[in-house]
2 protein chains.
Amino acid sequence: MGSEIEIFRSYIKSKGLRNTREREEIVQEIFSNKGHFDVEGLYMRLKRRGSKVSKASIYRNIPLLIDSGLIREVSYKDGHMHYEHVHGRAHHCHLSCIECGKVVEFVEPSIKEVEKRLESRYGFKIIEHRLDVMGYCKECLKRRLGKVKEDEKTRRNGNG
Amino acid sequence: MGSEIEIFRSYIKSKGLRNTREREEIVQEIFSNKGHFDVEGLYMRLKRRGSKVSKASIYRNIPLLIDSGLIREVSYKDGHMHYEHVHGRAHHCHLSCIECGKVVEFVEPSIKEVEKRLESRYGFKIIEHRLDVMGYCKECLKRRLGKVKEDEKTRRNGNG
DNA sequence: TTTACTGCAAAAGGTTTGCATGGGT
DNA sequence: ACCCATGCAAACCTTTTGCAGTAAA
């Protein structure tokens, strides 16, 4: 918290939008709690706090929060969308090239969903995961494609 | 196709439900196409085919198709749910207990989506992946919880 | 002063449901 | 004959939107 509202403020400013009491209240309320939230719950929390923010404003501001990288949609359950905080730099996974060994680090938030499902399905308490994806990188693909074409040419010349 | 409708028929029978022309048409239409679908699109396809199935019936049968393991929800986009086929037994991943070493095999179709995203983002051609998830199993969790409680008791007795 | 933002309420759009009818078993 | 499944249309619920007023910049 604190840093989130600053991120949001500078996002708003960078977009030439206006910072309002309502926006501050919404961001504040979202990040005053850890974990998922939905519009109805957020609206209730704000109301309880004495805020007069309307649901329409919540709905209108969620796209900004997503675009600013502060939250993301996690799932559509029980007839409505659920959101969660996106924290700083997340755990990353590896994508590596079978041929040249190049490694690309990538962040894959959806694995959290996988973990959640595993927890509820198997009763585990997930501590960590490791996702390694392997394949051919763009360059090696091109090289391989070139080779194939060369082979074909050789074959044609040799046979025809 | 073919096998899917058989799976559905036996599912219906096993549940003591009734097989109807509408159900056959829905399943047939879903599996006559590869890839994702949504209710609106499916409804249109059926209509075009001359079927008189109503949307209500589609909506009422989707839970059965999900329960029978033939389809699954993939995403909620553009204001409505999207579904996809679930094919036979897919590649499986591992969920293992840090404490007792127990291993659960699970199938995680959503990794396919991850792979697709990686391919388009990084230009790789993905060949395989390996997802290992680690945590504490239900039994070990219980045991650990018991230990914590015992420790607390000991502490209380020792201090009070 | 300009015009983006807000609240309200109505509208939109996907999904569910009540009811009477039709059809499997 | 029983009663599950269907079609229709209304209801439901979340989300979006039009409008007039409000308030940032």
Side-chain angles (χ1 to χ4, degrees), chain A residues 5 8-30 36-68 71-83, chain B residues 5-6 8-30 36-47 49-68 71-83:
Chain A
I5 201 136
F8 188 69
R9 283 179 191 144
S10 67
Y11 169 83
I12 288 293
K13 183 173 266 183
S14 78
K15 292 284 179 182
L17 304 174
R18 294 173 183 175
N19 199 16
T20 62
R21 186 162 52 73
E22 289 81 359
R23 285 182 170 159
E24 291 266 327
E25 287 176 358
I26 288 169
V27 178
Q28 207 115 352
E29 191 55 48
I30 286 174
H36 294 188
F37 68 95
D38 52 32
V39 170
E40 181 63 24
L42 178 59
Y43 177 65
M44 289 312 204
R45 280 162 52 191
L46 281 161
K47 223 172 176 180
R48 221 174 293 133
R49 258 200 178 198
S51 167
K52 300 252 185 306
V53 178
S54 69
K55 274 189 188 173
S57 286
I58 295 177
Y59 278 113
R60 281 191 271 234
N61 278 299
I62 276 178
L64 302 183
L65 281 155
I66 291 174
D67 190 46
S68 69
I71 67 171
R72 70 183 191 91
E73 298 182 341
V74 272
S75 62
Y76 186 86
K77 274 188 315 186
D78 309 315
H80 61 270
M81 190 56 75
H82 294 250
Y83 306 88
Chain B
I5 201 137
E6 283 156 29
F8 187 70
R9 283 179 190 141
S10 66
Y11 169 83
I12 288 294
K13 182 173 266 182
S14 78
K15 291 284 178 180
L17 303 174
R18 294 170 184 176
N19 199 16
T20 62
R21 186 163 50 74
E22 289 82 359
R23 285 181 169 159
E24 292 265 326
E25 288 176 356
I26 289 169
V27 178
Q28 207 115 351
E29 191 53 49
I30 286 174
H36 294 188
F37 68 94
D38 52 32
V39 170
E40 182 63 24
L42 178 59
Y43 177 66
M44 289 312 204
R45 280 162 53 191
L46 282 161
K47 221 172 178 180
R49 258 201 180 198
S51 168
K52 299 251 188 304
V53 177
S54 68
K55 274 190 190 173
S57 287
I58 295 177
Y59 278 113
R60 282 192 270 234
N61 278 298
I62 276 179
L64 303 182
L65 281 156
I66 292 174
D67 191 46
S68 69
I71 67 171
R72 71 182 190 91
E73 298 182 342
V74 272
S75 62
Y76 185 87
K77 274 187 314 183
D78 309 314
H80 61 271
M81 189 56 75
H82 295 250
Y83 306 88

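In what follows, chains carry the letters A, B, and so on, assigned in the order in which the sequence lines appear, proteins first and then strands, with residues in each chain numbered from 1. This is a predicted model, so every value here is computed, not measured. All values below come from the heavy atoms of this structure, side chains included, with hydrogens, waters and symmetry mates left out.
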J.: Has A:Asn61 got a side-chain N or O lying under 4.0 Å from the OP1 or OP2 atom of C:dT6?
T.: yes
J.: Work out which heavy atom in B:Ile5 is nearest to a heavy atom in B:Gln28; give both atom names and the distance.
T.: CD1-OE1, 3.2 Å
J.: What's the separation between atom CZ in B:Phe37 and atom NE2 in B:His82, rounded to the nearest 0.5 Å?
T.: 11.0 Å
J.: B:Arg9 side chain to B:Glu24 main-chain N or O, any donor-acceptor pair under 3.5 Å?
T.: no
J.: Looking only at the side chain of B:His80 (C-beta and beyond, no hydrogens), which of the listed nucleotides C:dT6, C:dA9, C:dT15 gets closest?
T.: C:dT15
J.: A:Tyr43 has an atom OH; how far is it from atom P of C:dT6, in whole Å?
T.: 14 Å
J.: Can you tell me if the side-chain N/O atoms of A:Ser57 get under 4.0 Å from OP1 or OP2 in C:dG7?
T.: yes
J.: Once you round it to whole Å, what is the distance between P of D:dT6 and NZ of B:Lys47?
T.: 18 Å
J.: Taking the minimum atom-to-atom distance to the side chain of A:Glu22, which one of C:dT6, C:dT16, D:dG7 wins?
T.: C:dT6
J.: So does A:Arg18 get a backbone contact from the side chain of A:Arg23, meaning a donor-acceptor N/O pair under 3.5 Å?
T.: yes
J.: D:dA25 C1' sits how many Å from A:Lys13 NZ, rounded?
T.: 11 Å
J.: Is the base of D:dG7 touched by the side chain of B:Arg60 through a donor-acceptor pair closer than 3.5 angstrom?
T.: yes
J.: Are any of B:Arg18's side-chain N or O atoms less than 4.0 Å away from OP1 or OP2 of D:dC3?
T.: no
J.: Is any side-chain N or O of A:Arg23 closer than 4.0 Å to OP1 or OP2 of C:dC5?
T.: yes
J.: Give the rounded distance in Å between these two atoms: CD1 of A:Ile12 and C1' of C:dA4.
T.: 11 Å
J.: Can you measure A:Ile62 atom CD1 to D:dT14 atom C1' for me and round it to whole angstrom units?
T.: 12 Å
J.: Quick check: on DNA chain D, is the nucleotide nearest B:Tyr76 upstream (toward 5') of the one nearest B:Ala56, or the reverse? Name the residue that is more 5'.
T.: B:Ala56
J.: Check B:Tyr83 against B:Asp38 and note the closest heavy-atom contact, atom names and distance.
T.: CD1-CA, 4.5 Å
J.: Would you mind reading off the distance between A:Asp78 atom CG and D:dT14 atom C1', rounded to a whole angstrom?
T.: 12 Å
J.: Return no unless some side-chain N or O of A:Tyr59 is found under 4.0 Å from OP1 or OP2 of D:dT15.
T.: yes
J.: Quick check: on DNA chain C, is the nucleotide nearest B:Arg21 upstream (toward 5') of the one nearest B:Gly79, or the reverse? Name the residue that is more 5'.
T.: B:Gly79
J.: Look at the side chain of B:Val39 and decide which nucleotide, out of C:dT25, C:dT15, C:dC5, has an atom nearest to it.
T.: C:dT15
J.: Looking at every strand, decide which applies to B:Lys55 at a 4.0 Å heavy-atom threshold: base, sugar-phosphate, or nothing.
T.: nothing
J.: Please confirm whether the shortest side-chain N or O distance from A:Thr20 to OP1 or OP2 of D:dA24 is below 4.0 Å.
T.: no
J.: What is the distance, to the nearest angstrom, from the CD1 atom on A:Ile26 to the C1' atom on C:dC5?
T.: 11 Å
J.: Look at the side chain of B:Met81 and decide which nucleotide, out of C:dC8, D:dC4, C:dT15, has an atom nearest to it.
T.: C:dT15
J.: Of the nucleotides D:dG7, C:dT15, C:dA4, which has the atom closest to the A:Leu17 side chain?
T.: C:dA4
J.: Can A:Asn61 and A:Glu22 be said to form a side chain to side chain contact (heavy atoms under 4.5 Å, CB included), step by step?
T.: CA-CA 9 Å; A:Asn61 278 299; A:Glu22 289 81 359; 5.6 Å; no
J.: Take B:Asn19 and A:Ile58, find for each the nucleotide of DNA chain C with the closest heavy atom, and name the residue whose nucleotide sits nearer the 5' end.
T.: A:Ile58
J.: Measure CD/A:Glu24 against P/C:dC5 and give the value in whole Å, please.
T.: 14 Å
